[in-house]
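Only one structure is covered here, and it is reproduced in the block below.
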Amino acid sequence: MSKKTMGIHHITAIVGQPQENVDFYAGVLGLRLVKQTVNFDDPNTYHLYFGNEGGKPGTIITFFPWAGARPGLIGDGQVGVTSYVVPKGAMEFWKKRLEKFNVPFTIMERFGEQYLEFDDSHGLHLEIVEREDGAINTWTFGEVTPEVAIKGFGGATLLSAQPDKTAELLKKVMGLELVGKEGDFARYRSSAEIGNIIDLKLAPIGRGQMGVGTVHHIAWRAIDDEDQLDWQKYVASKGYGVTPVQDRNYFNAIYFREHGEILFEIATDPPGFAHDESYETMGEKLMLPSQYEPHREQIERALLPFEVRELD
């Protein structure tokens, strides 16, 4: 038996004040807030989801805002950089937009592509790259229109405590293809059009510390529940400790920590984000899983209020 993931489903990070988080990802980057809910394991913390107009797998970045929490340290055992892909010809727009909002950036090249590198308001490392692949994001927010809007993930850079072990996992377990090596990086590709490029740093840089401005985990795509159960058995057969299936309402999830200490999730594509509110109104109000609905008033009192606002 062998399996191949289509690529990234979502990436989840820890950030600070929720209004600052929403202002950056909606107000500056122009992503759609497709779901506001709570951390199912800690209902006094938001779980915010941003993506393309439909919140499709491969476009979703999610956040646990911990206002007042200590900063983390980006390092081994984490996603070091989250990469976003935009249409060809959009790079100049994004340079000007980051300048407009006083977001410092640098320009660099990797594997023959130009990247715009910058940090979000809480220190999370991001980059933007132009590519032909991937459907246009039809969401318009402020001055961010479909012609320049972020399509979804370009991919991610992984920082591993044991890069050789992580490389073996990416190729032999997750089913990604090694497409080349350049400098300190090896590049892997999956079959999807977005969320399909993984750059693995080939030397450890020192262990990361969880906190504000760090990625908590990276999630890979499973086609459906049956496919996910196959993944669960398959990953376990390779010697990894895999969790039982967790119902996350918008997808089902299993988790395991790979030998380079990065937390991996495998999440189902369905049911998606529109099954408990309409496509048109996704993200407009706090949605709670059934077990927390009786405690809505108490939970809402504990959460800091925010609003999605155009900053242009």
Side-chain angles (χ1 to χ4, degrees), residues 10-40 43-69 82 84 86 90 93-94 96-98 100-103 118-124 126 128 136-153 212-213 216 248-251 272-289 292 296-297 299-312:
H10 67 268
I11 290 174
T12 294
I14 298 168
V15 292
Q17 214 274 352
Q19 185 64 63
E20 295 171 354
N21 175 244
V22 173
D23 280 347
F24 194 87
Y25 286 86
V28 177
L29 296 188
L31 297 173
R32 182 181 185 183
L33 176 63
V34 296
K35 190 65 59 178
Q36 53 170 306
T37 183
V38 294
N39 182 337
F40 289 7
N44 290 327
T45 298
Y46 281 116
H47 197 173
L48 304 179
Y49 294 72
F50 297 84
N52 74 348
E53 78 286 354
K56 295 179 181 177
T59 77
I60 295 293
I61 192 163
T62 93
F63 297 102
F64 300 134
W66 293 351
T82 300
Y84 279 118
V86 297
F93 169 86
W94 285 102
K96 292 176 182 177
R97 187 160 185 83
L98 294 180
K100 175 180 178 178
F101 290 102
N102 298 312
V103 179
F118 57 99
D119 289 352
D120 77 358
S121 49
H122 297 126
L124 201 70
L126 305 174
I128 286 175
I136 293 295
N137 177 7
T138 61
W139 185 249
T140 294
F141 195 77
E143 294 177 355
V144 182
T145 60
E147 293 76 21
V148 295
I150 289 170
K151 300 178 190 179
F153 292 127
V212 171
H216 185 269
R248 300 308 191 195
N249 204 2
Y250 311 107
F251 49 86
F273 296 99
H275 73 89
D276 61 350
E277 54 184 333
S278 73
Y279 178 94
E280 292 75 22
T281 62
M282 288 192 306
E284 292 183 4
K285 65 178 184 177
L286 180 69
M287 304 301 295
L288 296 177
Y292 292 135
R296 173 176 285 273
E297 185 177 345
I299 290 170
E300 289 182 339
R301 281 201 305 267
L303 296 171
L304 291 174
F306 70 84
E307 59 179 328
V308 178
R309 54 192 184 183
E310 290 188 14
L311 303 182
D312 290 299

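Worth saying up front: this structure is predicted, and the values here are computed from it rather than measured.
Looking at heavy atoms from C-beta onward, Val148 lies out of side-chain contact with Val86 at the 4.5 angstrom threshold. For the pair Leu311/Val28, a side-chain contact is recorded, criterion being any heavy-atom separation below 4.5 Å from C-beta on. Within the 4.5 Å cutoff, the side chain of Leu48 has no heavy atoms near those of the Tyr25 side chain. Counting heavy atoms from C-beta on, the side chains of Phe24 and Asp119 never come closer than 4.5 Å. With a 4.5 Å cut-off on side-chain heavy atoms, Gln17 and Phe306 do not count as touching. In this structure, Gln19 and Leu304 have side chains that are not in contact, with every pair of non-hydrogen atoms separated by 4.5 Å or more.
A donor-acceptor contact shorter than 3.5 Å links the side chain of Arg296 to the backbone of Leu286. Panel note: side chain Tyr250, backbone Asp276; no donor-acceptor pair is recorded below 3.5 Å.
Nearest heavy atom pair, residue Gly54 against residue Tyr279, reads CA-CE1, 3.8 Å. Pairing each heavy atom of Thr45 with each of Pro65, the nearest pair is CG2-O, 3.7 Å. Nearest heavy atom pair, residue Leu303 against residue Asn44, reads CD2-O, 3.3 Å. Residues Asp312 and Gly142 share a closest heavy-atom pair of OD2-CA, 3.2 Å. Minimum interatomic distance between Ile136 and Pro146 (heavy atoms only, all atoms of both residues): CG2-O, 3.5 Å. Lys35 approaches Glu277 most closely through the heavy-atom pair NZ-OE2, 2.6 Å.
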Test side-chain contact (heavy atoms from CB on, under 4.5 Å) applied to Phe141 and Val308, step by step: CA-CA 10 Å; Phe141 195 77; Val308 178; 3.7 Å; yes
side-chain contact (heavy atoms from CB on, under 4.5 Å) between Phe40 and Asn249, intermediate numbers included: CA-CA 10 Å; Phe40 289 7; Asn249 204 2; 3.8 Å; yes
Verdict with reasoning, Leu29 to Tyr84, per side-chain contact (heavy atoms from CB on, under 4.5 Å): CA-CA 10 Å; Leu29 296 188; Tyr84 279 118; 4.2 Å; yes
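Under the 30°/60° scheme for interplanar angles, the aromatic rings of Phe273 and Phe251 are found to stand perpendicular. Between His216 and Phe64, the two ring planes are perpendicular [angle over 60°; tilted spans 30° to 60°].
In summary, the aromatic rings of His10 and Phe153 are positioned with their centroids too far apart to meet the 6.0 Å limit. Taking the six-membered ring for Trp and the full ring otherwise, the centers of Phe63 and His47 sit at least 6.0 Å from each other.
Distance check: Leu126 CG to Leu98 CG gives 9.5 Å after rounding to the nearest 0.5 Å. The CD atom of Gln36 sits 9.5 Å away from the CG atom of Leu288 when rounded to the nearest 0.5 Å. Taken from CH2 in Trp139 to OG1 in Thr145, the straight-line distance is 13.5 Å, to the nearest 0.5 Å. Rounding to the nearest 0.5 Å places CG of Asn52 at 9.0 Å from CG of Leu31. Atom CG of residue Asp120 and atom CG of residue Asn21 lie 7.0 Å apart, to the nearest 0.5 angstrom. Atom NZ of Lys56 sits about 9.0 Å away from atom CG of Asn137, to the nearest 0.5 Å.
No more than 12 heavy atoms of other residues, nucleotides or ligands lie within 6.0 Å of CH2 in Trp66, so this atom counts as exposed by the packing criterion. Residue Glu297 qualifies as open at atom CD: its count of foreign heavy atoms under 6.0 Å is 12 or below.
For residues 12-25, the salt bridge (charged side-chain N to carboxylate O under 4.0 Å, His left out) pairs, not counting sequence neighbours, are Asp23-Arg309.
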